[in-house]
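Encoded as structure tokens, the structure appears first; notes follow it.
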Amino acid sequence: MALGTSLLLIAVGAILRFAVHVSATGFSIHTIGVILMIVGGVGLLVSLLFGSMLGDRRAGPVVRDDRVVRDREVV
């Protein structure tokens, strides 16, 4: 789950939980909002965890075999 998808689920869940004042028969819209916020929060944590792990792997040192030799200038 990508970072944007997680944020979208959290936003939709918050809207369903706090802004919708409709009662439905058979299921609770408020409970669905809470579930969406929880799933979005877990997805956000997983995305950040994997992003930090992959970011550390890519940011490793660059090692080359090239040697740089400069002539010394004597004044």
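The figures that follow rest on heavy atoms only: side chains count, while hydrogens, waters and symmetry mates do not. Along the sequence shown, residues carry numbers from 1.
Of the possible polar contacts, none joining the Thr31 side chain to the Phe27 backbone as a donor-acceptor pair under 3.5 Å is found.
For Ile10, the side-chain contact (heavy atoms from CB on, under 4.5 Å) criterion is met by Leu44, not counting sequence neighbours.
Nearest heavy-atom pair, Gly43 versus Ser6, reported as atom, atom and distance to 0.1 Å: C-OG, 3.1 Å. Taking both residues in full, the closest heavy atoms of Gly40 and Leu9 are given as CA-CB, 3.9 Å, listed atom of the first, atom of the second, then distance. Shown here for His30 and Val20, the closest heavy-atom pair between the two residues is CE1-O, 3.2 Å.
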- Derivation and outcome, side chain to side chain contact (heavy atoms under 4.5 Å, CB included), residues Leu3 and Leu48: CA-CA 8 Å; Leu3 189 68; Leu48 291 176; 4.1 Å; yes
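No continuous path of hydrophobic side-chain contacts links Leu8 to Leu45 [ILVMFWY only; heavy atoms under 4.5 Å].
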